[in-house]
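This report refers to the structure that appears directly beneath it.
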Amino acid sequence: MANTASIIERSEVEEIFSELGLTGVLSGALGKDWNKHPAGAKLTSINPSTGTGLAEVLCATEDDYENIVRDSETAFETWRMTPAPLRGDVIRKFGDALREHKDALGKLISLEMGKIYSEGLGEVQEAIDICEFAVGLSRQMYGKTMHSERPEHRMYEQWHPLGMIGIITAFNFPCAVFTWNAAVASVCGNTMVWKPSEKTPLISIAMMKIAQKVFEEAGHPGVMGMIISPDSKLGEKMAADKRFKLISATGSTRMGRSVAQVVAERFGKSILELGGNNALIVMDDADMDMALRAVAFGAVGTAGQRCTTTRRVLVHESVENELVEKLVKVYGSINIGDPLDKDTLMGPLIDRISVDHMQNALTKIKEQGGKVICGGDVLEGKGFFVKPAIVLCQKPIPMMKEEVFAPILYITPIKDVKEAVHIQNDVPQGLSSAIFTNSMQKAEWFLSHKGSDCGIANVNIGTSGAEIGGAFGGEKETGGGRESGSDAWKAYMRRQTCTLNWGAELPLAQGVEFI
Ligand code: NAD
């Protein structure tokens with residue numbers, strides 16, 4: 001059948017999909033109903049470990065877009081009236097369903113995105129954790145009460161859902177970032193349409209089908225919808241569409257710059273979670289073994305494709321040689337290969353473009369005086385494998401200000417914590433940062449307002465691997481958005497200040513006299 005998308009390789013994907021109970025056409029248009037006759041363009045999901053197709057997905061058409069948006073707006077009318085703790089109960093079931101399918105989802109993430117299985121499982125766990133957080137939140141979306149300056153008046157604030165929101169996500173966290181948004185936004189009473197990355201359609205379909213089953217069984221179809229597009233077109237359409245009260249966009253700074261402008265032009269709200277360029281400072285009094293492990297995981301984990309990846313190490317000059325020597329040894333022992341093999345520590349890059357991008361960046365780095373002392377090569381054979389690179393730079397070079405989404409680690413010597421923080425902050429991005437020190441003064445200086453300018457600042461913990469309990473996001477070109485824990489939920493709601501006069505007079509504020 002011409003309009004039937006299929007599993008190309010009779011491989012693990014088929015097994016995983018049947019384990020998840022997902023059979024039939026792989027439709028990238030998931031509204032209230034599973035679209036049985038999708039007519040959109042075919043998109044092939046590529047396995048980055050082999051470079052071959054895993055499955056073909058039929059993308060959403062403009063008509064599908066309209067239908068899914070309409071379903072979502074309709075669903076909002078009943079979902080907003082459902083008490084928050086009951087909404088929380090549906091999210092609890094969503095979390096339970098993710099828990100039940102954790103292994104299969106983790107495997108699918110490894111297959112399609114290329115991160116190692118342990119990290120794939122970790123990503124699903126993050127999704128489960130945020131569901132639990134959202135369940136608790138469903139009984140804690142508190143508003144404040146204030147003392148009115150006028151007698152016999154009561155003043156308080158309350159929080160209402162925004163309406164339909166759009167979620168645009170990147171390829172590198174295809175499961176967790178959707179859930180950060182979806183769990184919190186739905187508990188707040190919103191409905192949502194998700195446009196996942198065109199590079200990870202299968203895990204997105206799996207996640208959405210699991211979510212939709214739970215919502216449908218709870219009597220709330222249409223709360224979650226999804227449109228897969230072979231490129232960014234439908235994402236651009238969402239950004240410009242006034243019906244989306246909030247666009248939560250995760251991806252590159254280039255994408256965020258466009259989304260921010262388009263959404264602001266129509267006075268919509270946005271949450272932007274964009275690129276990072278994270279530094280890890282190692283002082284002379286640091287625990288070297290801890291620092292070493294944190295740098296290795298931060299720089300090599302997820303093949304350098306995390307927004308929080310450690311990209312720069314700023315190390316005290318007295319311990320630079322020791323750190324570099326040990327790090328080169330660790331890099332030499334890292335198994336690169338099939339992300340589903342339990343001995344593998346680093347999988348492939350997402351695609352050929354990323355491999356080329358890394359190679360071009362290394363050429364520029366060398367031109368600018370950076371010394372590549374280890375790795376950087378492209379591995380022969382199938383898939384998009386590279387060796388992680390270490391680059392020594394006596395002083396910062398211009399390339400260090402760019403986020404190259406690949407495992408390139410710069411090491412630069414520093415004399416003291418002030419110089420380190422100055423170099424750390426002297427980049428356009430402001431996501432994650434870390435210092436390794438056993439000095440309370442240096443740690444506190446780093447955490448003070450004169451210290452790190454990033455959204456995340458860690459002491460004796462690396463730059464990557466945040467917990468869901470905190471608000472996640474960064475400053476400057478990282479976009480300023482916050483998602484996940486703490487009070488990030490407030491961005492998914494509108495605040496209303498209410499003043500109630502229960503007296504028989506009509507006093508004006510600030511003592512103003514009128515009629
Ligand atoms: P990308 O910007 O290429 O794509 C991200 C998403 O945006 C995709 O769904 C894409 O289709 C869509 N898109 C692209 N241009 C658009 C436009 N003009 N309008 C609307 N939608 C558009 O990013 P990527 O390569 O998938 O992911 C890597 C980037 O994401 C890195 O820069 C990384 O740091 C960043 N990231 C940030 C966070 C964070 O929380 N700060 C988390 C994960 C990834």
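Predicted model only: the values in this text are computed from it and were never measured.
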Please name all residues satisfying side-chain hydrogen bond (donor to acceptor under 3.5 Å, both in side chains) with [X], sequence neighbours left out, ordered by chain then number.
X: Asn278; result: none
X: Ser72; result: Thr191
X: Arg80; result: Glu77
X: Arg70; result: Asn67

Does either side chain, that of Thr74 or that of Asp71, offer a donor lying less than 3.5 Å from an acceptor on the other one?
no
Would you check if there is a donor-acceptor pair between the side chains of Ser432 and Thr308 at a distance under 3.5 Å?
no
Is [X] salt-bridged to [Y], going by a charged N under 4.0 Å from an acidic O?
X: Arg306; Y: Glu119; result: yes
X: Glu265; Y: Lys242; result: no
X: Glu216; Y: Lys209; result: no
X: Lys93; Y: Asp89; result: yes

Please check if atom [atom1] in [X] has more than 12 non-hydrogen atoms from other residues, nucleotides or ligands closer than 6.0 Å.
X: Lys490; atom1: NZ; answer: yes
X: Arg293; atom1: CZ; answer: no
X: Lys237; atom1: NZ; answer: yes
X: Ile353; atom1: CD1; answer: no

Could you name each residue pair satisfying ring pair (Phe, Tyr, Trp, His ring centres under 6.0 Å) that touches [range], not counting sequence neighbours?
range: residues 255-279; value: none
range: residues 217-241; value: Trp79-His220
range: residues 87-127; value: none

With rounding to the nearest 0.5 Å, note down the distance linking OG in Ser232 to CD1 in Ile168.
9.0 Å
Working to the nearest 0.5 Å, report the span between CD of Gln158 and SG of Cys498.
4.0 Å
Flag, side chain of [X] to backbone of [Y], donor-acceptor distance under 3.5 Å:
X: Ser452; Y: Phe446; answer: no
X: Thr344; Y: Asp338; answer: yes
X: Asn190; Y: Ala185; answer: yes
X: Gln212; Y: Met224; answer: yes
X: Glu403; Y: Gly275; answer: no
X: Arg257; Y: Glu477; answer: no
X: Arg266; Y: Ala239; answer: yes
X: Asn181; Y: Ser248; answer: no
X: Asp287; Y: Thr437; answer: no
X: Glu157; Y: Gly143; answer: no

Does Lys115 make a cation-pi contact with Phe173 (under 6.0 Å, within 45 degrees of the axis)?
yes
Residues in side-chain contact (heavy atoms from CB on, under 4.5 Å) with [X], at least two apart?
X: Ser252; answer: Arg254, Met255
X: Lys476; answer: Asp453
X: Ser270; answer: Val263, Leu272

Filter on side chain to side chain donor-acceptor pair (under 3.5 Å), then keep only pairs touching residues 169-180, sequence neighbours left out; what's left?
Glu126-Trp180, Thr169-Trp194
Please list, one pair per line, the donor and acceptor atoms closer than 3.5 Å that link side chains of residues 132-140 to other protein atoms, with sequence neighbours excluded.
unit_1, atom_1, unit_2, atom_2, d
Glu132, OE2, Arg99, NH2, 2.5
Ser138, OG, Val135, O, 2.5
Gln140, NE2, Gly136, O, 3.0

Please give me the minimum heavy-atom distance between [X] and [Y], naming the atom from each residue.
X: Ile228; Y: Cys59; result: O-CB, 3.2 Å
X: Phe405; Y: Leu349; result: O-CD2, 4.3 Å
X: Phe384; Y: Asp351; result: CD1-CA, 3.5 Å
X: Thr82; Y: Thr78; result: OG1-O, 3.0 Å

